[in-house]
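Quick caveat: nothing in here was measured; it's all calculated off a predicted structure.
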Amino acid sequence: MEIKIKNIAVLTFAYMYSAVAVFFAGWLRPLWAALACVILGIGLFLGLRSWCREMEDRVYLSKGTLCVGALLVLFLCWHTGIGAFTGQAGDWVKHNAVMHDLAEKEWPVIYRTGYGESMLSYYTGFYLLPALAGKIFGSFRAVELAQYGLTVIGLFLLWILVLKAGKVKGGKKQLLCLVLLFVFSSGLLPLGQAVCGNLYPENFPFGSHEWMNPETVRIQYTSNWSLLKWVPGQAVVPWQATVLLLLRPHKTENYVLVGLPVFLYSGFAMVGLVAMMLAVYLCDIACGGWKQAKKAFCASNILLAAAGGILVLYFWGNISGAKPEYLGFRWLDYGAKPEFYFIFCFFMFGFYAVLLWKENKRNAIYWITVGALLLYPRFSMGLYNDFTMRTSIPALFTFMILILRFLGLEEGKEKSLAVRKTLLTAGLVVGAIYPFMNLRESMTKNEIGMVYRTDGYMTLEQLADPSDGEIQDDFKYNYYTYDLEGDFFYKYLAKRR
């Protein structure tokens with residue numbers, strides 16, 4: 001079966017932008033909503049026309065591979081906790097609270113506590129369409145089922161795009177690619193933990209499947225499986241945008257088209273994607289001069305950037321609000337253990353980077369990705385350093401694409417290629433230990449037909465009080481705009497009741 005990539009790309013862009021359109025229509029005053037949707041629609045049309053122009057790439061899949069792939073997506077997504085068919089990770093207590101508020105309260109969501117009024121200011125992209133289903137059917141279970149269905153669709157589209165970006169051919173390899181996408185995409189975390197256990201025995205064992213050693217320095221490069229279990233809303237759309245960028249990396253006139261919707265899903269992932277775009281753009285300018293640079297100033301980029309300005313104003317109330325200094329952006333101090341930085345970098349991506357070097361030494365994307373992954377662990381922001389964890393999402397996914405391309409190379413007479421493939425495969429197997437353990441636990445401990453909902457709060461309203469010392473800081477500062485009277489978005493753009 002022949003599948004045109006431009007058709008899959010159009011569906012993917014529609015998937016990515018649907019939440020943005022719903023946000024504009026549901027949160028803005030009617031006049032602003034109409035204007036924003038018109039600008040978004042025109043910019044999207046022009047951008048899609050440009051992106052699809054001269055895109056004749058195709059993916060060839062048998063009907064059997066397509067059907068088995070769809071079943072695998074359904075199966076793997078089922079066991080991440082999305083839809084509450086299986087046990088949910090701890091962060092779902094917050095995800096479910098956001099979904100309750102979006103499904104059960106009027107938009108924009110306003111909280112009223114003893115501290116005063118505040119507005120929900122968070123990455124709502126993952127929740128808006130499911131919440132709309134909840135409003136229509138009057139059931140929170142409808143919210144969960146809609147979220148599961150939408151995630152399955154998003155991951156299926158992503159798989160098709162990855163097959164093209166990773167140059168994967170042949171039915172078995174295409175299905176293995178799907179497993180690699182979710183289960184094998186991880187650094188050598190178990191080996192890194194083993195090394196840290198010998199160097200810092202006072203901090204071990206701590207039993208984490210995500211952290212290398214948070215008691216030393218709080219940095220993490222999250223596996224794809226853990227992203228889907230803990231923060232799927234900050235993973236799927238940023239992954240889609242990353243692949244769309246890699247398919248046409250030098251088409252600067254489509255950069256805003258690719259990047260804008262990511263902002264509503266994950267601000268940090270947006271930073272990582274923009275950093276990659278900027279690096280490629282500067283490389284292109286170095287080669288093509290002003291003629292190449294001015295391509296970015298096209299109608300679709302300008303229109304979509306104008307629409308994106310509304311999202312900036314929406315988030316600005318939260319970003320600019322007063323917070324404890326330790327939650328802010330800062331240089332990360334490794335103290336008396338500077339070697340941990342090098343241990344972390346080697347085991348989480350450096351091992352793979354060395355094996356990929358020979359085939360990619362003249363590939364700018366490779367060097368941009370390695371540079372980004374070396375840089376991000378030098379900074380921290382947030383209680384658990386979400387900056388490093390989430391800003392790295394596009395770079396880590398790009399690395400996975402480079403690995404797919406490498407594994408598909410013909411070995412020929414070059415013996416070192418076979419050796420490096422073997423070492424890389426061994427590394428992927430080691431990295432998959434924890435995801436496989438989590439998948440096995442989900443398969444053995446959860447019963448079909450049960451609802452496993454992590455639903456401790458029901459609403460974020462009870463946490464909307466920065467003066468309450470009993471509330472954890474990441475709860476009371478991550479989700480709200482408190483100064484509504486001084487907030488431009490609330491005063492001039494937000495819908496009034």
Side-chain angles (χ1 to χ4, degrees), residues 7-52 98-99 101-103 105-109 119-137 142-143 146-147 149-154 157-158 232-241 244 254-267 269-270 273 299-316 489-490 492-496:
N7 293 341
I8 298 298
V10 169
L11 291 174
T12 304
F13 279 119
Y15 179 92
M16 295 164 64
Y17 272 89
S18 57
V20 180
V22 168
F23 175 82
F24 287 163
W27 287 64
L28 301 178
R29 297 176 191 179
L31 180 61
W32 289 118
L35 182 61
C37 287
V38 168
I39 292 173
L40 186 74
I42 296 172
L44 183 58
F45 171 77
L46 294 175
L48 284 174
R49 188 174 64 175
S50 171
W51 198 95
C52 293
V98 172
M99 288 198 295
D101 289 338
L102 288 170
K105 296 179 182 291
E106 294 183 38
W107 296 351
V109 175
M119 179 176 66
L120 176 65
S121 298
Y122 191 61
Y123 311 126
T124 55
F126 183 63
Y127 314 103
L128 283 171
L129 288 169
L132 201 58
K135 288 181 179 293
I136 293 170
F137 294 102
V143 177
Q147 193 167 65
L150 285 167
T151 306
V152 166
I153 293 170
L157 293 171
L158 176 69
Q234 297 193 51
V236 179
V237 166
W239 287 341
Q240 291 175 332
L244 289 167
N254 295 139
Y255 276 7
V256 182
L257 171 73
V258 172
L260 171 61
V262 177
F263 198 16
L264 196 59
Y265 289 83
S266 175
M270 174 76 168
L273 190 67
S300 65
N301 273 354
I302 293 170
L303 288 169
L304 291 173
I310 296 174
L311 297 181
V312 173
L313 292 172
Y314 168 64
F315 287 117
W316 187 249
F489 178 86
Y490 179 75
Y492 300 108
L493 302 179
K495 184 189 294 183
R496 295 297 187 186

K.L.:
Could you report the tightest heavy-atom contact between L102 and K135, atom names first, then the distance?
P.N.:
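That would be O-CE, 3.0 Å.
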K.L.:
Does Y17 use its side chain to pair, donor to acceptor, with the backbone of L257 at less than 3.5 Å?
P.N.:
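Yes.
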K.L.:
Measuring from atom CG of L46 to atom CG of N254, what distance do you get when rounded to the nearest 0.5 angstrom?
P.N.:
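Taking CG in L46 and CG in N254, the distance rounds to 10.5 Å.
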K.L.:
Would you give the length of the straight line joining atom CG of L264 to atom OH of Y123, rounded to the nearest 0.5 angstrom?
P.N.:
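One gets 10.5 Å once the value is rounded to the nearest 0.5 Å.
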K.L.:
Atom CG in L128, atom OG1 in T124: separation rounded to 0.5 Å?
P.N.:
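Answer for the CG-OG1 pair, L128 versus T124, is 4.0 Å.
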K.L.:
Which distance, rounded to the nearest 0.5 Å, do you find between the OG of S18 and the CG of L132?
P.N.:
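Result: 10.5 Å between the selected atoms.
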K.L.:
Using modelled atom types only, decide if a donor and an acceptor are shared between the side chain of T151 and the backbone of Q147 within a distance under 3.5 Å.
P.N.:
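Yes, because the side chain of T151 sits within donor-acceptor range (under 3.5 Å) of the backbone of Q147.
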K.L.:
Fit a plane to each ring of F315 and F263, take the angle between them on a 0 to 90° scale, and name the class: parallel (under 30°), tilted (30 to 60°) or perpendicular (over 60°).
P.N.:
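Rings of F315 and F263: tilted, as their planes differ by 30° to 60°.
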K.L.:
Going through the distances and angles, do W107 and F23 end up as a side-chain contact (heavy atoms from CB on, under 4.5 Å)?
P.N.:
CA-CA 9 Å; W107 296 351; F23 175 82; over 6 Å; no
K.L.:
Could you go through V10 and C52, starting from their C-alpha distance and side-chain angles, then the distance that decides it, and tell me whether this counts as side-chain contact (heavy atoms from CB on, under 4.5 Å)?
P.N.:
CA-CA 8 Å; V10 169; C52 293; 3.7 Å; yes
K.L.:
Is a side-chain N or O of K495 found less than 3.5 angstrom from the main chain of P30, in a donor-acceptor match?
P.N.:
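Not a single qualifying donor-acceptor pair exists.
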K.L.:
If I take atom CD from residue Q240 and atom CG from residue L157, how far apart are they, to the nearest 0.5 angstrom?
P.N.:
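Spacing of CD (Q240) from CG (L157) equals 6.5 Å.
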K.L.:
For K105, enumerate each residue passing the salt bridge (charged side-chain N to carboxylate O under 4.0 Å, His left out) test, keeping only those at least two apart in sequence or located in another chain.
P.N.:
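Salt bridge (charged side-chain N to carboxylate O under 4.0 Å, His left out) list for K105, sorted by chain: E461.
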K.L.:
Report yes if some heavy atom in the side chain of Y15 is under 4.5 Å from a heavy atom in the side chain of V236; otherwise report no.
P.N.:
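Result yes, sub-4.5 Å side-chain heavy-atom pair found.
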K.L.:
Can you name the closest pair of heavy atoms from Y314 and L120 and give their distance?
P.N.:
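Shortest heavy-atom contact: OH-O, 2.7 Å.
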K.L.:
Please walk me through it: do M99 and F126 pass side-chain contact (heavy atoms from CB on, under 4.5 Å)?
P.N.:
CA-CA 9 Å; M99 288 198 295; F126 183 63; 5.7 Å; no
K.L.:
Do S300 and V256 have side-chain heavy atoms sitting under 4.5 Å apart?
P.N.:
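When only atoms from C-beta onward are counted, V256 and S300 do not touch, as no gap falls below 4.5 Å.
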K.L.:
What is the distance from atom CG of L48 to atom CZ of F13, rounded to the nearest 0.5 Å?
P.N.:
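L48 atom CG to F13 atom CZ measures 6.0 Å (nearest 0.5 Å).
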K.L.:
Output, in order, the C-alpha distance, side-chain angles, deciding distance and verdict of side-chain contact (heavy atoms from CB on, under 4.5 Å) for F24 and L311.
P.N.:
CA-CA 9 Å; F24 287 163; L311 297 181; 4.1 Å; yes
K.L.:
Looking at every heavy atom in both A241 and M16, which two are closest together, and how far apart are they?
P.N.:
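Looking at all heavy atoms of both residues, the closest pair is CB-CE, 3.8 Å.
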K.L.:
Where do F489 and W316 land on the ring-ring contact (aromatic ring centres under 6.0 Å, His included) test, with the steps shown first?
P.N.:
CA-CA 8 Å; F489 178 86; W316 187 249; over 10 Å; no
K.L.:
What is the minimum heavy-atom distance between A19 and Y265, and which atoms define it?
P.N.:
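Looking at all heavy atoms of both residues, the closest pair is CB-OH, 3.3 Å.
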K.L.:
Any idea which heavy atoms bring A9 and W51 closest together, and the distance?
P.N.:
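Heavy-atom minimum between the residues: CB-CZ3, 3.3 Å.
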K.L.:
A side-chain contact here means heavy atoms from C-beta on lying under 4.5 Å apart; do Y490 and R496 qualify?
P.N.:
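Answer yes - side chains close enough.
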K.L.:
If you compare all heavy atoms of L260 against all heavy atoms of G308, which two are closest, and at what distance to 0.1 Å?
P.N.:
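Taking L260 first and G308 second, the nearest heavy atoms are CD1-CA, 3.3 Å.
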K.L.:
So, is the end of the R29 side chain (NZ or CZ) under 6.0 Å from the ring centre of Y492 and within 45° of the ring's axis?
P.N.:
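Output no; distance or angle outside limits.
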